[in-house]
2 protein chains.
Amino acid sequence: MSRSERLCLIRGDQGRTMRSLLDRIADKWVLSIIATLHDGRLRFTDLQRRIPGISQRMLSLNLKHLERDGLITRTVHAEVPPRVEYELTDLAESLIPHAIALADWAREHVPAIEANRDAYEQRR
Amino acid sequence: MSRSERLCLIRGDQGRTMRSLLDRIADKWVLSIIATLHDGRLRFTDLQRRIPGISQRMLSLNLKHLERDGLITRTVHAEVPPRVEYELTDLAESLIPHAIALADWAREHVPAIEANRDAYEQRR
DNA sequence: CTGTATCCTTAGCGATACTG
DNA sequence: CAGTATCGCTAAGGATACAG
């Protein structure tokens, strides 16, 4: 498949698929949650402690969305007090290399972007 | 650099850089603009015509942001009527392979995600 | 042709309080 | 412990009108 054919997926009506993905992973907290769960299975409170700044509400909402999309599993243990554990699915794992690739690009190039931005602000 | 070190860039305070990138490229229209400009230099109206649904306001705003960040160049030709052309910088070009990689992942896996979502909605 | 300004509605999200 | 419910603020974004 040609480069431009593959690019087509990014835009127009064909871009629905790509948008669907971006809408999911670009949420403010989603990548933090996925990266944190990459360490292994964790329960609600552990996640909240490991992700500084996230509210209970946002953690709950995002976990539900990720579960709905099949990116994490939610396991309830029949205990008192309740214990609920979250874990990445293979689907989510397969996304991690791409996240890392993007992170690498960011590490290399974002400083240049921020320099451009600062210079731009100076000029006005 | 280890996998978990590279993942660290995604979360917590170290994640500023990654967020900065995501905040840019995950905007509703940014990837469409970049993909469209990948065909070559284009002027304002051409861009608007090739990106269905984008409003004049959003195109203008996004182009300004992308220029500010050094991802596109803006060239004004001294003519009447005015002609302004936009073009990707090398910085933006270096991002394209990653966008394509993500698009490929989306093409392969988003159908599964949407199937999961539908099944989930059925259950409730 | 290439934008900017203004208005307005909606979506995201944090804070807080409450529940099984 | 693991959430849900409610409220209120803010910012994103579309529509429209206007301007250089």
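Each chain gets a letter, A, B and so on, in the order its sequence line appears, and its residues count up from 1. Since this is a predicted model, take the numbers as computed values, not measurements.
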Working for side-chain contact (heavy atoms from CB on, under 4.5 Å), residues A:R3 and B:I100: CA-CA 8 Å; A:R3 184 183 178 91; B:I100 291 181; 3.7 Å; yes
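Where DNA chain C meets chain A (any atom under 4.0 Å from a heavy atom), the bounding nucleotides read 5' to 3' are C:dC13 to C:dG20. First and last contacting nucleotides of DNA chain D toward chain B (any atom under 4.0 angstrom from a heavy atom, 5' to 3' order): D:dG13 to D:dG20.
Every residue two or more places apart in sequence or in another chain that forms a side chain to side chain donor-acceptor pair (under 3.5 Å) with A:E5 is listed here: A:S2. Every residue was checked against the side chain to side chain donor-acceptor pair (under 3.5 Å) condition with A:N62, not counting sequence neighbours, and none meets it. Every residue two or more places apart in sequence or in another chain that forms a side chain to side chain donor-acceptor pair (under 3.5 Å) with A:R6 is listed here: B:D104.
Minimum heavy-atom separation, A:L91 to A:G70: CD2-O, 3.8 Å.
Comparing the end axes of the helix from C:dC1-D:dG20 to C:dG20-D:dC1, each fitted to five base pairs by superposing C1' atoms of four pairs onto the next four, gives an inter-axis angle of 40° (nearest 10 degrees).
When the nearest nucleotides of DNA chain D are assigned to A:K64 and B:G53 by heavy-atom distance, the more 5′-ward of the two goes with A:K64. Residues A:I54 and B:P81 both approach DNA chain C. Their nearest nucleotides, taken by heavy-atom distance, put B:P81 toward the 5′ side.
The aromatic rings of A:F44 and A:Y86 are tilted relative to each other, their planes meeting at an angle between 30° and 60°.
Here the CZ-CG distance, from A:R24 to A:D69, works out to 4.5 Å after rounding to the nearest 0.5 Å. Atoms CD1 and CG, from A:I113 and B:L71 in turn, are 4.5 Å apart once rounded to the nearest 0.5 Å.
Within a 6.0 Å radius of CZ in A:R41, no more than 12 heavy atoms belonging to other residues, nucleotides or ligands are found. Enclosure of atom CG in A:D118 by more than 12 non-hydrogen atoms of other residues, nucleotides or ligands within 6.0 angstrom is indicated.
Among the atoms of the strands shown, base atoms are found under 4.0 Å from some heavy atom of B:R57.
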